[in-house]
Amino acid sequence: DVSSGITITRGGSDGAKLYDNPADNATTLLAAGSLNFRVNNANRGSFDTSGNFGITSSAQLRFNTVTDQTHGIGYDSTVDGVLIRGQNGVRFATGTGSGTERMRLNNTELSVSLPTPVIAGIDTNLTTRRWSIGGENGHCIIKVDPNSAQSGSYFAIEIDNTERLA
């Protein structure tokens, strides 16, 4: 029931409401605009009016406790990108519930688990130039430029910066 609970006003209008609704067994916080979370007088995270949630670049979402340094996701300034941390690995899955595992990264390997697994590379200078390493029925299949986007494409192996097989 929105009519009961705690109302925070600003400038004569409702800024936020906190209420409990036994009908849906939930406590709800309604904000008139963005909702910010501040700690030690600094913004640490916020919901915008579209429902997007953001955390500061120095923060991480941690999964066991706030002091857990082994499981989390956050911003990594060394690569200006995302850091995903799992103590013994990271699992990627699709589907509902616990999902179907599609890829796993651990201390020793990257494994792709699909009926016909493929790891593909795309040349960012010309996205039609591709390569892939895949497999099916116990076979390893390496494809270089399968769309014939570049004439003269070849496969090479380099060891210590010296081409050994082409």
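Position 1 is the first residue of the sequence, and the numbers go up from there.
For residues 31-40, every residue pair satisfying the side chain to side chain donor-acceptor pair (under 3.5 Å) rule, not counting sequence neighbours, is listed here: Arg38-Asn41. Listed by first and then second residue, the salt bridge (Lys or Arg N to Asp or Glu O under 4.0 Å) pairs involving residues 111-120 amount to none (not counting sequence neighbours). Applying the ring-ring contact (aromatic ring centres under 6.0 Å, His included) test to pairs two or more places apart or on separate chains, those with a residue in residues 31-51 are Phe47-Phe53. Legend: side chain to side chain donor-acceptor pair (under 3.5 Å) pairs involving residues 103-112, not counting sequence neighbours, sorted by first then second residue: Glu101-Arg104, Asn106-Thr108.
In this structure, Ile142 CD1 and Ile133 CD1 are separated by 5.5 Å, a value rounded to the nearest 0.5 Å.
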Subject >> CA sep, side-chain torsions, deciding dist, call: Met103, Leu105, side-chain contact (heavy atoms from CB on, under 4.5 Å) >> reply: CA-CA 7 Å; Met103 186 169 66; Leu105 177 64; over 6 Å; no
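Closest non-hydrogen pair, Glu163 versus Ala156, comes out as OE1-CB, 3.7 Å.
Applying the side chain to side chain contact (heavy atoms under 4.5 Å, CB included) rule to Asp80 yields the partners Tyr75; only residues at least two apart in sequence or on another chain are considered. Taking the side chain to side chain contact (heavy atoms under 4.5 Å, CB included) definition, one finds that Ile157 meets it with Phe155, Ile159, Leu165, sequence neighbours left out. The side-chain hydrogen bond (donor to acceptor under 3.5 Å, both in side chains) search around Asn52 returns Asp48, not counting sequence neighbours. Residues meeting the side chain to side chain contact (heavy atoms under 4.5 Å, CB included) test with Ala149, sequence neighbours left out: Thr128, Arg129, Asp145. Listed by chain and number, the residues in a side-chain hydrogen bond (donor to acceptor under 3.5 Å, both in side chains) with Thr78 are Asp76 (sequence neighbours excluded). The side-chain hydrogen bond (donor to acceptor under 3.5 Å, both in side chains) test applied to Thr94 returns Arg102, not counting sequence neighbours. Remark: Ala42 engages Arg44 in a side chain to side chain contact (heavy atoms under 4.5 Å, CB included) (not counting sequence neighbours).
Using a 4.5 Å heavy-atom threshold, the side chains of Thr9 and Asp14 count as touching.
Note on Ile84 and Leu110: same hydrophobic cluster, where clusters join Ile, Leu, Val, Met, Phe, Trp and Tyr whose side-chain heavy atoms are under 4.5 Å apart, directly or indirectly. Taken together through direct or relayed side-chain contacts under 4.5 Å among Ile, Leu, Val, Met, Phe, Trp and Tyr, Tyr154 and Val144 form parts of separate hydrophobic clusters.
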Name each donor-acceptor pair under 3.5 Å that joins a side chain in residues 23-32 to protein atoms two or more places apart or in another chain, with its distance.
| from | atom 1 | to | atom 2 | distance (Å) |
| --- | --- | --- | --- | --- |
| Asp24 | OD1 | Ala26 | N | 3.3 |
| Thr27 | OG1 | Asp20 | OD1 | 2.9 |

